[in-house]
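Note that the structure is a prediction, hence the values are computed from the model and not measured. Below, chains carry the letters A, B, ... as their sequence lines are ordered, and counting in each starts from 1.
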There are 4 protein chains.
Amino acid sequence: MGRKQAFTKSELLDQTKKLLIEHGYEGFHLKLLSGNLVGARSTIYQYYANKEEIVAACMKRAMENVLQKASAIGETDCMEALQQLLTVYLEEADFHQLLGDAHKINKANSSAAANDIEFVDQAHTTLKKQLERLFVLAQQEGHLNTSIPLPVVIGVFFNLIDTPNMMNIPTPQWSKLLFQMWLGGAGRR
Amino acid sequence: MGRKQAFTKSELLDQTKKLLIEHGYEGFHLKLLSGNLVGARSTIYQYYANKEEIVAACMKRAMENVLQKASAIGETDCMEALQQLLTVYLEEADFHQLLGDAHKINKANSSAAANDIEFVDQAHTTLKKQLERLFVLAQQEGHLNTSIPLPVVIGVFFNLIDTPNMMNIPTPQWSKLLFQMWLGGAGRR
Amino acid sequence: MGRKQAFTKSELLDQTKKLLIEHGYEGFHLKLLSGNLVGARSTIYQYYANKEEIVAACMKRAMENVLQKASAIGETDCMEALQQLLTVYLEEADFHQLLGDAHKINKANSSAAANDIEFVDQAHTTLKKQLERLFVLAQQEGHLNTSIPLPVVIGVFFNLIDTPNMMNIPTPQWSKLLFQMWLGGAGRR
Amino acid sequence: MGRKQAFTKSELLDQTKKLLIEHGYEGFHLKLLSGNLVGARSTIYQYYANKEEIVAACMKRAMENVLQKASAIGETDCMEALQQLLTVYLEEADFHQLLGDAHKINKANSSAAANDIEFVDQAHTTLKKQLERLFVLAQQEGHLNTSIPLPVVIGVFFNLIDTPNMMNIPTPQWSKLLFQMWLGGAGRR
DNA sequence: CATGAATGAGGGTTCATTCAT
DNA sequence: CATGAATGAACCCTCATTCAT
């Protein structure tokens, strides 16, 4: 019954993600959002009670994606797992920028937003633990250069995600290339 | 003699930089700025005609700093030069984030802002050329792993700047550590 | 046969009255109304063309109630009639507050609303005339203190209706008590 | 320094009071308010942080007026004191309607509003106590008809305030007239 | 020049009302 | 007919910018 929907919740979140990446959290406006959808600004409120909920839901969804893919990775071969993890992160590279703004969301306004952000935070630690687990393993198995502190190794690895892929190399190869550089370095062997 | 000067242009830009880094371009407000200075909000307009000009001037000044330091580096030993360049960039690491927002500035509002951004863009290419020059040299001298495309090597090198220094290692050592990792990799030699 | 009827006109007006008393005219929303009924907000428009018509219809119905009860009162014994009239008014005490908002209704929107309000106004004068008739009679029969202007006597009598019944005395006794106070005063005899 | 003010805080509260009485709490809009002042709507925010604070400040000011006048009344002659108190209340008759909406104010938005409302509540009980004190005294001194429960006597007395003064009798005489009616009743002595 | 005050544009949100199923 | 969804008008509030002292 009723009219058919102007846009789906999923489309809404897609555009939200795009605009958040493009303009940052503070530059994200509902007018902008509705301008990138087919309907009126007020129609957005059929889906979410306020701006905070939209952003939080967007972040949660992005996190769920990553979490699901990451948890599907087998961890028996730690170096292989790290490589796969990097691929996962690269596939959802934008999401990394997104989450940096998670704490800017005013949770007082909406419990739904607060819950979503709570989920994101939890998932964040889950992911971190997985990463640390794999790195410790890699170190124990002697894959890593022991003269570099582990946190630095991890930091650099994680930072690879944001390397701009200016040659538009397909993600799987891009992931391999970055992993190779990270492991072997840019210098002559 | 009239009222005593409220704040200097330099103080204004200092706070602008701080706040831009803290809140991002879209989260930067003149109310915030005047709140971090000693005078009234309206006094800002004695120095700059509008918000865009302030941000543009801030970016220009930051770029001038880097440009000056970078141009002072001798380029005879290319690897040494790269190491020094990385240090320079790390010293002004925040500024790197800043420049990402340069294109968000609405240049239609003010020609002064447009000019400053133009300067920033030019300087950007100057820096890139220096970097490329050094990298080509490094490749020619056989310092680099030839199996990795040069743009990727450069991209990864440049991206090192944003690696979070979570252990708060002093910049000179931090620079050496990152350089070492970039050159030699995280893996066992 | 189609869908089953969502709610009757009478239920709609019942809730409208309740909510008008609870929140006042300006605090009365259709969202609130539909929230207190079984059907959808849009279904309301099957019965009334707009908000104004609903409120006007509600007022008219309340007025009809009072009018009917009031006109059934015999006026041979004027003091007895006044007592009965007070009881009638007290039984519909809330309605008295309601009518104060009658003039706030924007009649330009709907002729139906305008007609209903017109009816209410007419009935209002009818009631007033009845009251005046009885008061004049009471005065002629020497029941009233002649040192007080009749309009004041009437005003105070009418205002009794809004006296808050904080002890929750049943309406018949409450009516007698107020009437007694009005007639005899609060002072020692 | 700076421009001269468009309107004073006091003018703002005057209009607020007028409009609150005219339209009720829910019908009070800042657009309405600015329309009744000389400046723009946004100028209002130079004085108060939000709508709630305005209404709360308005109520507080009205209460302060009454409180001050009421506390200046000598209580040795209780009947005289009651008469004077009635005069005070009549002089600020509108204020009585105002306060009924005090609890509608959303205090979560502003602590300033919360404080003002707290003040109003406290003052309310102060006034009630004064009234009760006087009534108990009046009863003890045998001025009151003992067949009527005191709460009812008080309720009716308090309700006198809202009696519409349709003949526009000056307040002092109006007060005397009402007091006389309340004490002696409308009936023949 | 420095400022406090004024203001309009713009964004968030609600709500009466309309529309298509 | 009953409904869920769509929508524009209207309101609250913030902020860049202008103005008069």
Side-chain angles (χ1 to χ4, degrees), chain A residues 1-7 26-34 37-54 106 109-110, chain B residues 1-7 28-34 38-54 106 109, chain C residues 1-7 28-34 37-54 106 109, chain D residues 1-7 26-34 37-54 106 109:
Chain A
M1 219 158 316
R3 271 202 266 189
K4 85 162 178 280
Q5 288 187 175
F7 46 80
E26 333 256 350
F28 172 75
H29 303 310
L30 293 200
K31 200 179 179 185
L32 207 61
L33 178 54
S34 69
L37 292 168
V38 292
R41 190 154 38 133
S42 56
T43 304
I44 295 171
Y45 290 87
Q46 301 275 352
Y47 298 88
Y48 295 101
N50 51 50
K51 197 181 153 185
E52 279 74 35
E53 282 191 14
I54 297 171
N106 175 12
N109 246 348
S110 148
Chain B
M1 177 188 174
R3 209 79 44 76
K4 111 163 178 288
Q5 190 176 306
F7 44 79
F28 171 75
H29 302 308
L30 292 201
K31 210 180 190 178
L32 207 63
L33 178 55
S34 70
V38 292
R41 182 146 99 253
S42 53
T43 304
I44 295 172
Y45 289 86
Q46 305 284 346
Y47 297 95
Y48 296 101
N50 52 50
K51 200 181 158 186
E52 280 73 35
E53 283 191 14
I54 298 170
N106 176 11
N109 240 347
Chain C
M1 178 187 172
R3 209 79 45 76
K4 112 164 177 287
Q5 190 174 306
F7 44 78
F28 172 75
H29 302 308
L30 293 201
K31 210 180 189 176
L32 208 63
L33 178 55
S34 70
L37 292 169
V38 293
R41 182 144 99 256
S42 52
T43 304
I44 295 172
Y45 290 85
Q46 305 284 348
Y47 297 94
Y48 295 101
N50 52 48
K51 200 180 155 185
E52 280 73 34
E53 284 191 13
I54 297 170
N106 176 9
N109 240 345
Chain D
M1 216 156 319
R3 271 201 265 187
K4 86 161 178 284
Q5 289 187 176
F7 46 81
E26 333 257 349
F28 172 74
H29 302 310
L30 294 201
K31 199 180 180 185
L32 208 61
L33 178 55
S34 70
L37 292 167
V38 293
R41 195 161 21 147
S42 57
T43 304
I44 294 172
Y45 291 88
Q46 301 273 352
Y47 298 88
Y48 294 100
N50 50 51
K51 197 180 152 185
E52 278 74 36
E53 282 192 15
I54 297 172
N106 175 11
N109 245 350

Practice task
Would you kindly compare C:F7 and D:K31 by the position of their nearest DNA chain F nucleotide and give the one closer to the 5′ end?
Solution key: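 Final value for this comparison: C:F7.
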
In whole angstrom, give the distance that lies between atom [atom1] of [X] and atom [atom2] of [N].
X	N	atom1	atom2	answer
D:L32	F:dA10	CG	P	14 Å
A:F28	E:dG12	CZ	C1'	12 Å
B:L33	F:dT17	CG	C1'	14 Å
B:I54	F:dC15	CD1	C1'	13 Å
B:N106	F:dA16	CG	P	14 Å
A:R3	E:dA20	CZ	P	6 Å
D:N109	F:dC11	CG	C1'	14 Å
A:Q5	F:dT3	CD	C1'	14 Å

Practice task
Verify whether one side chain among A:E52 and A:S110 offers a donor that lies under 3.5 Å from an acceptor in the other.
Solution key: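 No pair is found: no donor N or O on one side chain lies under 3.5 Å from an acceptor on the other.
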
Practice task
Apply side chain to side chain contact (heavy atoms under 4.5 Å, CB included) to A:S34 and list each qualifying residue two or more places apart in sequence or on a separate chain.
Solution key: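 Per chain and number, A:S34 pairs via side chain to side chain contact (heavy atoms under 4.5 Å, CB included) with A:R41, A:I44.
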
Problem - C:Q46: side chain to side chain contact (heavy atoms under 4.5 Å, CB included) partners, not counting sequence neighbours - result: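 For C:Q46 the side chain to side chain contact (heavy atoms under 4.5 Å, CB included) partners, ignoring immediate neighbours, are C:T43.
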
Problem - Distance, nearest 0.5 Å, that separates CG of C:L30 from CD1 of C:I54 - result: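 Here the interatomic distance stands at 5.0 Å.
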
Exercise for the section: Under the ring-ring contact (aromatic ring centres under 6.0 Å, His included) rule, collect the residues that match up with D:Y45, sequence neighbours excluded. Expected result: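 Listed in chain order: nothing, the list is empty.
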
Problem - A:F7: partners by ring-ring contact (aromatic ring centres under 6.0 Å, His included), with sequence neighbours left out - result: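 A:F7: ring-ring contact (aromatic ring centres under 6.0 Å, His included) contacts with A:Y47.
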
Handout entry: E:dG8 base / D:R41 side chain donor-acceptor hit below 3.5 Å
Key =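 By the distance-only test, no, there is no pair.
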
Problem - Stretch residues 42-52 of chain B: residues that reach within less than 4.0 Å of DNA chain E through a heavy atom - result: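 Heavy-atom cutoff 4.0 Å gives B:S42, B:T43, B:Q46.
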
Exercise for the section: Report yes if at least one side-chain N or O of B:H29 is closer than 4.0 Å to OP1 or OP2 of F:dA16; otherwise report no. Expected result: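 Yes, such a contact exists.
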
Exercise for the section: Could you run through DNA chain E and flag its stems, i.e. three or more consecutive Watson-Crick or G-U pairs with both distances under 3.5 Å? Expected result: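 Correct response: E:2-21 with F:2-21.
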
